[in-house]
S.K.: 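Have a look at the structure that comes next, please.
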Amino acid sequence: MTIAELLEKLKAQIAANPAKIANLKATYQFELTGEGGGIYHAVFDNGQYKIGEGPVENPGCTITMATSDFFALMERKLNPMAAFMSGKLKIRGDMGQAMKLHQLFS
């Protein structure tokens, strides 16, 4: 699976359960390192959302991790808290937003 395919899968998950983002107002930037990495974003604004490639202006929360770990996280093979505690997942900005992201994709 590629990052583009993973992003489409995430969009489908959100479309299947839009109530999860009904009251979410948050901006995320993902900085993925290693093979297939790059910068991606997810912007949520009370039921509306945009997920795609490239940086976003003034992210509330920036998540940095290896691309392979990001895939493992999204496939629920890597626990987000364990990844954070072991240094595989680094967060800059609003930790509360990071916690909301975990709930959104769980």
Side-chain angles (χ1 to χ4, degrees):
M1 180 180 294
T2 66
I3 292 287
E5 291 169 333
L6 178 62
L7 295 179
E8 289 305 314
K9 182 178 176 182
L10 293 176
K11 289 176 188 178
Q13 286 177 335
I14 293 168
N17 193 354
K20 282 190 170 186
I21 65 164
N23 297 311
L24 180 61
K25 186 164 180 68
T27 303
Y28 301 94
Q29 181 163 293
F30 302 93
E31 297 175 354
L32 305 180
T33 61
E35 187 175 337
I39 298 177
Y40 301 87
H41 64 269
V43 180
F44 300 96
D45 189 3
N46 297 316
Q48 302 296 313
Y49 68 94
K50 181 173 62 169
I51 299 174
E53 189 173 357
V56 65
E57 191 173 320
N58 299 319
C61 178
T62 300
I63 297 170
T64 304
M65 63 190 317
T67 302
S68 58
D69 291 332
F70 183 72
F71 276 107
L73 187 73
M74 291 294 114
E75 294 169 351
R76 298 186 179 100
K77 294 178 182 174
L78 177 63
N79 178 287
M81 189 57 72
F84 178 74
M85 297 303 284
S86 68
K88 289 184 175 185
L89 183 153
K90 294 180 176 75
I91 298 171
R92 289 190 319 270
D94 188 337
M95 186 66 77
Q97 278 191 23
M99 298 303 288
K100 289 178 185 176
L101 186 65
H102 169 65
Q103 294 169 1
L104 178 65
F105 297 124
S106 60

S.K.: When rounded to the nearest 0.5 angstrom, what distance separates CG in D69 from OG1 in T64?
M.R.: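 Reported value, rounded in 0.5 Å steps: 12.0 Å.
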S.K.: Would you say the side-chain atoms of E5 pair up with the backbone N or O of T2, donor to acceptor, closer than 3.5 Å?
M.R.: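 A pair under 3.5 Å: yes.
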S.K.: Under a 4.5 Å cut-off applied to non-hydrogen side-chain atoms, are M1 and K9 in contact?
M.R.: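 Side-chain contact under 4.5 Å: yes.
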S.K.: With a 3.5 Å distance limit and no angle check, can you tell me whether K11 reaches the backbone of I51 through a side-chain donor-acceptor pair?
M.R.: yes
S.K.: E53 side chain to Y40 main-chain N or O, any donor-acceptor pair under 3.5 Å?
M.R.: no
S.K.: In the single-linkage hydrophobic clustering (I, L, V, M, F, W, Y; side-chain heavy atoms under 4.5 Å), do V56 and L101 co-cluster?
M.R.: no
S.K.: Could you check whether any side-chain heavy atom of F71 comes within less than 4.5 Å of a side-chain heavy atom of L6, counting everything from C-beta outward?
M.R.: yes
S.K.: Shared ILVMFWY cluster between I39 and M74, side chains joined below 4.5 angstrom?
M.R.: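 Not linked; separate clusters.
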S.K.: Going from CD1 on I63 to CZ on F30, what distance comes out if it is rounded to the nearest 0.5 angstrom?
M.R.: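 That separation rounds to 4.5 Å.
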S.K.: With a 4.5 Å limit on heavy-atom distance, are the side chains of F70 and K88 in contact?
M.R.: no
S.K.: Just checking N17: does its CG atom have more than 12 heavy atoms from other residues, nucleotides or ligands closer to it than 6.0 angstrom?
M.R.: yes
S.K.: Which heavy atom of Y28 sits nearest to which heavy atom of P59, and what is that distance?
M.R.: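 Minimum heavy-atom separation between Y28 and P59: C-CB, 4.4 Å.
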S.K.: Taking side chain as C-beta onward, heavy atoms only, is F44 less than 4.5 Å from K25?
M.R.: no
S.K.: If you round to the nearest 0.5 Å, how far is OG1 of T62 from CZ of R92?
M.R.: 4.5 Å
S.K.: For the atom pair CE (M65) and CD (E31), what is the distance rounded to the nearest 0.5 Å?
M.R.: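 These two atoms lie 12.5 Å from each other.
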S.K.: Is the side chain of H41 donor-acceptor paired with the backbone N or O of G54 at a distance under 3.5 Å, no angle test?
M.R.: yes
S.K.: Please determine whether side-chain contact (heavy atoms from CB on, under 4.5 Å) holds for the pair L24 and K100, giving the CA-CA distance in whole Å, both sets of side-chain angles, and the decisive distance to 0.1 Å.
M.R.: CA-CA 8 Å; L24 180 61; K100 289 178 185 176; 3.7 Å; yes
S.K.: Should we say atom CD of Q48 is surrounded by more than 12 heavy atoms from elsewhere, each under 6.0 Å from it?
M.R.: no
S.K.: Working to the nearest 0.5 Å, report the span between CG of N79 and CE of M85.
M.R.: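 Atom-to-atom, N79:CG and M85:CE are 11.0 Å apart.
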S.K.: In terms of hydrophobic clusters joined by side-chain contacts under 4.5 Å, are I21 and L7 together?
M.R.: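 Cluster IDs for I21 and L7 match.
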S.K.: Within the distance-only criterion (no hydrogens, no angle test), does the side chain of D94 pair as donor or acceptor with the backbone N or O of Q97 below 3.5 angstrom?
M.R.: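 Yes, because the side chain of D94 sits within donor-acceptor range (under 3.5 Å) of the backbone of Q97.
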S.K.: In terms of hydrophobic clustering (I, L, V, M, F, W, Y; side-chain heavy atoms under 4.5 Å; direct or indirect links), are V43 and I14 co-clustered?
M.R.: no
S.K.: For the residue pair I91 and C61, what are the closest heavy atoms and their distance?
M.R.: CG2-SG, 3.8 Å
S.K.: Search all heavy atoms of L73 against all heavy atoms of L78 and return the closest pair with its distance.
M.R.: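 Closest approach of L73 to L78, heavy atoms only: CD1-O, 3.3 Å.
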S.K.: How long is the gap from OG1 on T27 to CD on E57, to the nearest 0.5 Å?
M.R.: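 With rounding to 0.5 Å, OG1 (T27) is 10.0 Å from CD (E57).
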